[in-house]
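What follows is a short report on a single structure.
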2 protein chains.
Amino acid sequence: MLGKDYELQDCSLARSLETVGERWTLLIVRDAFYGARRFNDFQAHLDIPKAVLSDRLTGLVQDGILERRQDPEHAGRHLYELTAAGRDLWPVLYALLAWGTRHRRPGSRVFRHAECGSQLDDAGACPRCQITPSPEQIVTVPRRGRASLREDPVAIALRGPHRLLEPIDT
Amino acid sequence: MLGKDYELQDCSLARSLETVGERWTLLIVRDAFYGARRFNDFQAHLDIPKAVLSDRLTGLVQDGILERRQDPEHAGRHLYELTAAGRDLWPVLYALLAWGTRHRRPGSRVFRHAECGSQLDDAGACPRCQITPSPEQIVTVPRRGRASLREDPVAIALRGPHRLLEPIDT
DNA sequence: CACAGAGGTTCAATCAGCGAACCGCTAGCC
DNA sequence: GGCTAGCGGTTCGCTGATTGAACCTCTGTG
């Protein structure tokens with residue numbers, strides 16, 4: 001759905017959906033949490049038409065979810081990184097992830113509290129430490145025997161344990 | 001975004017988005033939590049084209065989010081009600097609602113634990129009782145002075161406090 | 001029986017998503 | 001310096017979804 005406005009709905013849910021409700025948008029944000037930062041990494045991992053990816057990245061930057069910077073190592077390249085508001089979308093992402101796991105099919109990855117290694121519960125909290133870790137404190141690991149068949153840089157980086165928000169090196 | 005499949009993404013987030021990621025879908029689910037059950041109530045409150053509403057309701061029923069029943073009081077009419085899987089979407093809805101409130105604009109309503117009256121925190125928990133109430137235990141009340149200008153049955157029912165999932169009578 | 005309202009379906013026009021092709025820039029190689 | 005490859009896009013024509021208006025059927029009411 002497009003950032004099409006739900007103008008008449010005086011509701012913060014409608015406001016949220018205007019910025020993250022379009023097709024592909026939340027998957028792009030997910031990949032940003034996984035550490036994707038470059039145009040081609042998003043594109044290769046998502047199999048999304050470049051024109052759509054370009055449009056969504058522009059929108060996410062305008063809406064303050066991503067920040068676009070120069071890549072210090074490569075002139076003329078850019079990096080897209082989550083802003084504070086973008087990182088604050090983690091509970092939304094996790095709630096959807098957990099719902100899909102319960103009612104659809106478990107995904108190929110699991111999320112653990114980096115500090116103690118416990119698997120997060122349905123609410124995203126660490127059952128052992130009794131806290132709800134921020135994304136920086138979470139590590140995602142593939143379920144045993146479920147490594148992805150994909151060959152793009154993001155999929156390869158996620159074959160082993162990976163801390164959220166840690167940039168994948170390409 | 002359509003229930004268009006994100007087939008290649010082996011991820012429960014993608015699975016979730018296939019069922020609730022289309023335009024309008026989460027707003028329909030929100031209205032179902034507010035107690036809307038009839039076609040016309042959804043249509044009047046959302047300003048959604050009837051063809052799209054019909055399509056989305058059919059999809060939500062097929063995906064096990066809503067259940068379609070005969071209206072016992074009116075032959076030939078139907079009621080759409082949330083299934084257990086649909087009610088389990090509450091954390092997703094609340095996470096989006098809370099994000100929109102923090103980063104966009106506060107909506108016109110507020111959510112309280114019915115039992116004690118405390119306003120829920122950003123995670124949807126009751127700060128006084130230290131529990132996370134299920135939707136049945138939550139009451140939504142308009143923010144002072146922010147009653148909706150709409151005149152449809154759902155908007156009217158929500159002018160006062162209203163317990164989630166309690167059917168609005170039309 | 002006429003009429004109104006609920007709950008849809010159908011239709012033409014518009015708009016967004018898609019894949020392929022193209023383009024400018026930088027870096028590396030000869 | 002010239003050639004080529006890869007990155008980060010944009011453009012374009014096609015397809016498929018969304019939209020609002022019109023229409024249709026069924027039920028209950030006067």
Side-chain angles (χ1 to χ4, degrees), chain A residues 1-8 17-18 21-28 31 36-62 66-81 151-154 168-170, chain B residues 1-9 14 17-18 21-28 31 36-62 66 68-81 151-154 167-170:
Chain A
M1 47 184 124
L2 174 50
K4 264 311 173 18
D5 44 25
Y6 299 95
E7 197 62 53
L8 294 165
L17 290 175
E18 285 169 3
E22 284 171 294
R23 182 149 154 76
W24 295 112
T25 303
L26 278 176
L27 291 174
I28 293 169
D31 277 11
R37 300 192 298 167
R38 293 187 11 220
F39 190 95
N40 267 19
D41 292 342
F42 288 106
Q43 210 258 319
H45 192 231
L46 291 170
D47 281 323
I48 178 180
K50 288 170 146 201
V52 178
L53 177 58
S54 178
D55 184 72
R56 292 299 179 279
L57 288 173
T58 305
L60 285 167
V61 169
Q62 276 172 3
L66 295 178
E67 189 181 6
R68 178 183 173 162
R69 307 171 20 211
Q70 289 295 326
D71 183 338
E73 296 173 15
H74 296 273
R77 295 194 191 174
H78 304 120
L79 298 178
Y80 297 89
E81 294 181 340
E151 290 292 342
D152 61 89
V154 177
I168 63 169
D169 46 325
T170 56
Chain B
M1 49 184 117
L2 174 51
K4 264 313 171 16
D5 44 27
Y6 300 95
E7 198 61 54
L8 294 164
Q9 299 293 321
L17 291 175
E18 284 169 5
E22 284 170 294
R23 183 150 152 76
W24 297 113
T25 303
L26 278 176
L27 291 173
I28 292 170
D31 278 11
R37 300 192 298 166
R38 291 183 17 217
F39 190 95
N40 268 17
D41 292 342
F42 288 106
Q43 210 258 318
H45 192 232
L46 291 171
D47 281 323
I48 178 179
K50 289 169 148 202
V52 177
L53 178 58
S54 178
D55 184 72
R56 293 297 181 277
L57 288 174
T58 305
L60 285 167
V61 169
Q62 277 173 1
L66 295 177
R68 177 183 173 164
R69 305 172 20 211
Q70 290 295 325
D71 183 339
E73 296 172 15
H74 297 273
R77 295 194 192 174
H78 303 120
L79 299 177
Y80 296 90
E81 294 181 339
E151 289 292 343
D152 61 88
V154 177
I168 62 170
D169 47 323
T170 56

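Per chain, numbering begins at 1; letters A, B, ... match sequence-line order. Here the structure is a predicted model, which is why all the values come from computation and not from measurement.
A 4.5 Å side-chain heavy-atom check between B:Leu66 and B:Glu81 finds every atom pair outside the cut-off. Using a 4.5 Å heavy-atom cutoff, the side chains of B:Asp71 and B:Arg38 are in contact. Put simply, the side chain of B:Trp24 reaches to within 4.5 Å of the side chain of B:Val52, judged on heavy atoms.
The phosphate of D:dA17 has neither OP1 nor OP2 within less than 4.0 Å of any side-chain N or O from B:Trp24. Side-chain nitrogen and oxygen atoms of B:Arg23 include none within less than 4.0 Å of the OP1 or OP2 phosphate oxygen of C:dA16.
In this view, B:Asp31 and B:His45 satisfy the side-chain hydrogen bond (donor to acceptor under 3.5 Å, both in side chains) rule, not counting sequence neighbours. In this structure A:Arg77 satisfies the side-chain hydrogen bond (donor to acceptor under 3.5 Å, both in side chains) test with no other residue, sequence neighbours excluded.
Nearest heavy atoms, B:Pro167 versus B:Arg37: CB-NE, 3.4 Å.
Remark: P of C:dT9 and CG of B:Leu53 are 10 Å apart, rounded to the nearest angstrom. Atoms CZ (B:Arg56) and C1' (C:dG8) sit 16 Å apart, rounded to a whole Å. Taking atom CG of residue B:Leu46 and atom C1' of nucleotide D:dG20, one finds them 16 Å apart after rounding to whole Å. Distance A:Leu27 CG to C:dG17 P: 14 Å, rounded to the nearest Å. In this structure, B:Ile48 atom CD1 and D:dT19 atom P are separated by 7 Å, rounded to whole Å.
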Per-nucleotide protein contact along nucleotides 3-10 of chain D, 5' to 3', at a 4.0 Å heavy-atom cut-off (B base, S sugar-phosphate only, - neither), is ----SBBB
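Toward the 5′ end of DNA chain C lies the nearest nucleotide of A:Pro49, the other residue of the pair A:Pro49 and A:Ala75 mapping further downstream.
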